[in-house]
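Here the structure comes first, spelled out in structure tokens, and everything after it is commentary.
In what follows, chains are A, B, ... by sequence order, proteins preceding strands, each numbered from 1.
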Protein chains: 2
Amino acid sequence: MADRSKRRPGETREKLMNAALTLVGKGRHFASLGIREVTRQAGVVPTSFYRHFRSMDDLGLQLVDELGLVLRRMMREARANVLQADKLIEESVGIFVAHAQANRSFFLFMAQGLAGESRAVQEGIRSEMRFFASELANDLRRLRLMEHLSDADLDMTCDLVVRTVAFSLTDLLSISEDDDYQIGQVRKRTTQFLQMIFVGAGRWQSD
Amino acid sequence: MADRSKRRPGETREKLMNAALTLVGKGRHFASLGIREVTRQAGVVPTSFYRHFRSMDDLGLQLVDELGLVLRRMMREARANVLQADKLIEESVGIFVAHAQANRSFFLFMAQGLAGESRAVQEGIRSEMRFFASELANDLRRLRLMEHLSDADLDMTCDLVVRTVAFSLTDLLSISEDDDYQIGQVRKRTTQFLQMIFVGAGRWQSD
DNA sequence: CACATAAGTGAACAAGTGTACACATCGTTA
DNA sequence: TAACGATGTGTACACTTGTTCACTTATGTG
């Protein structure tokens with residue numbers, strides 16, 4: 001009757017995950033979403049939900065996995081575009097901001113999840129951030145930057161950088177999607193933050 | 001019948017706000033709380049809710065106001081106890097951690113609200129953080145610290161400091177309330193972050 | 001092709017939800 | 001004391017919610 005097209009495997013699963021993201025993108029908080037609401041948004045009958053997810057928390061966990069892919073794509077692009085260490089910070093922040101705009105709902109979900117309801121989602125996001133930080137540390141080593149820092153101190157620095165950027169996310173996501181002026185402000189300020197951190201790291205010595 | 005005691009003005013109002021905080025303290029997300037749920041936890045009939053709040057968002061806003069008081073108390077204590085600039089950072093972080101532990105639910109609410117559902121609550125918390133940062137800038141000026149920084153750069157630094165501390169909140173709140181070792185780790189790491197930032201600020205020069 | 005399995009559907013139910021209304025009770029002020 | 005406004009209560013209604021069950025339909029493998 002309503003099957004106007006053949007069934008693609010995993011299609012409904014995607015539809016459900018996208019539906020959740022869409023609702024988050026519309027300003028809703030993930031923790032307040034219900035199964036029926038999501039299925040409705042996806043144009044699917046409530047029962048279908050259980051074919052793919054055990055609960056909303058489960059859906060959240062699978063979203064975290066996809067979030068990981070988004071972050072990896074972002075890193076790859078950053079590595080490709082940031083060739084010389086000259087404008088390193090400025091360009092990286094630019095790429096980050098661009099990705100945050102392009103995948104707004106995803107990053108909203110991430111920001112929400114950090115203080116979210118599900119312990120598992122929280123831990124998943126935290127883990128993605130740790131991975132991101134460790135990759136950043138690798139890159140800095142590869143570029144022969146901050147060579148005077150011990151491994152532990154470099155990790156600490158990268159952790160601080162990632163946190164700072166993550167916090168900028170909440171700024172970015174709380175302003176209008178196409179307020180270019182404000183977006184520019186956030187980018188500028190974030191760049192300054194990172195510059196200050198790296199100045200500190202440059203002079204850092206363990207005691 | 002059930003009025004075993006005389007009515008104190010605003011008693012139910014407090015009970016409702018405390019109930020919401022209690023639920024948040026138990027791991028629930030504020031955005032997922034319902035009116036009935038809160039009134040049940042408060043031991044009050046659902047209708048009473050409307051005598052004090054227009055909606056859940058409204059309750060959230062009033063919680064933000066109280067949060068402001070908590071923060072101000074914390075600042076006052078910090079100012080009283082941090083006499084010499086010597087161990088300034090370490091002691092301040094200590095006081096912060098202690099307050100976060102003592103008012104766990106409040107700070108949980110704050111961390112949630114930063115990426116929360118209600119625009120108004122979000123803005124309220126953001127505003128509290130701005131105030132906090134500006135007070136910090138005042139204190140640093142008063143202590144004759146970072147005198148080489150322009151007002152704008154000092155503001156920027158303090159903003160970064162407050163963000164960093166706020167992010168540590170999510171670390172702190174995601175670990176067990178009485179895992180003293182982990183708490184110590186967070187305190188240590190946060191202290192390092194701030195030290196690195198201040199090293200950067202010490203060498204900072206506008207360009 | 002046949003068949004097992006995965007994916008989607010619709011109806012149903014008990015429980016929970018927000019909100020409205022009319023009424024009771026308290027504290028205060030005239 | 002009388003009357004009033006603020007606060008608390010009980011009942012009711014129309015929805016929404018999560019989950020279950022039995023059923024149909026598509027897909028891929030032997």
Expressed in angstrom and rounded to an integer, what is the separation of [X] atom [atom1] from [N] atom [atom2]?
X: L16(A); N: dT9(C); atom1: CG; atom2: P; result: 11 Å
X: M56(B); N: dG18(C); atom1: CE; atom2: P; result: 7 Å
X: R54(A); N: dG18(D); atom1: CZ; atom2: P; result: 17 Å
X: E11(A); N: dA26(D); atom1: CD; atom2: P; result: 13 Å
X: F53(A); N: dA7(C); atom1: CZ; atom2: P; result: 11 Å
X: D57(A); N: dG18(D); atom1: CG; atom2: C1'; result: 14 Å
X: H52(B); N: dT7(D); atom1: NE2; atom2: C1'; result: 6 Å
X: F49(A); N: dT19(D); atom1: CZ; atom2: C1'; result: 12 Å

Before accepting this row, confirm whether a basic side-chain N of the pair R126(B)/D171(A) lies closer than 4.0 Å to the acidic partner's carboxylate O.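 Yes, R126(B) and D171(A) are salt-bridged.
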
[X] side chain vs [Y] backbone, donor-acceptor pair below 3.5 Å:
X: E117(B); Y: H29(A); result: yes
X: R187(A); Y: I183(A); result: no
X: S168(A); Y: T164(A); result: yes
X: E37(A); Y: G34(A); result: yes

The single option from T39(A), L21(A), I35(A) passing side-chain contact (heavy atoms from CB on, under 4.5 Å) against L16(A):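 Testing L16(A) for a side-chain contact (heavy atoms from CB on, under 4.5 Å) against T39(A), L21(A), I35(A) leaves exactly one candidate, T39(A).
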
Check the side chains of S55(A) and D57(A) for a donor-acceptor pair under 3.5 angstrom, ignoring hydrogens and angles.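 The criterion, which ignores hydrogens and geometry beyond distance, is not satisfied for S55(A) and D57(A).
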
Qualifying residues under salt bridge (charged side-chain N to carboxylate O under 4.0 Å, His left out), relative to R104(A), sequence neighbours excluded: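 Partners of R104(A) under the salt bridge (charged side-chain N to carboxylate O under 4.0 Å, His left out) test: none.
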
Does R72(B) make a cation-pi contact with F131(B), if we ask for NZ or CZ under 6.0 Å from the ring centre and within 45° of the axis?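 Judged by the rule, R72(B) and F131(B) form a cation-pi pair.
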
Just the table, please: protein N/O against nucleotides 12-16 of chain C N/O, every pair under 3.5 Å.
none

Got a list of protein N/O to nucleotides 20-22 of chain D N/O distances below 3.5 Å?
none

Which nucleotide wins on minimum distance to the side chain of S48(B), given the candidates dT7(D), dA7(C), dT9(D)? dT9(D)

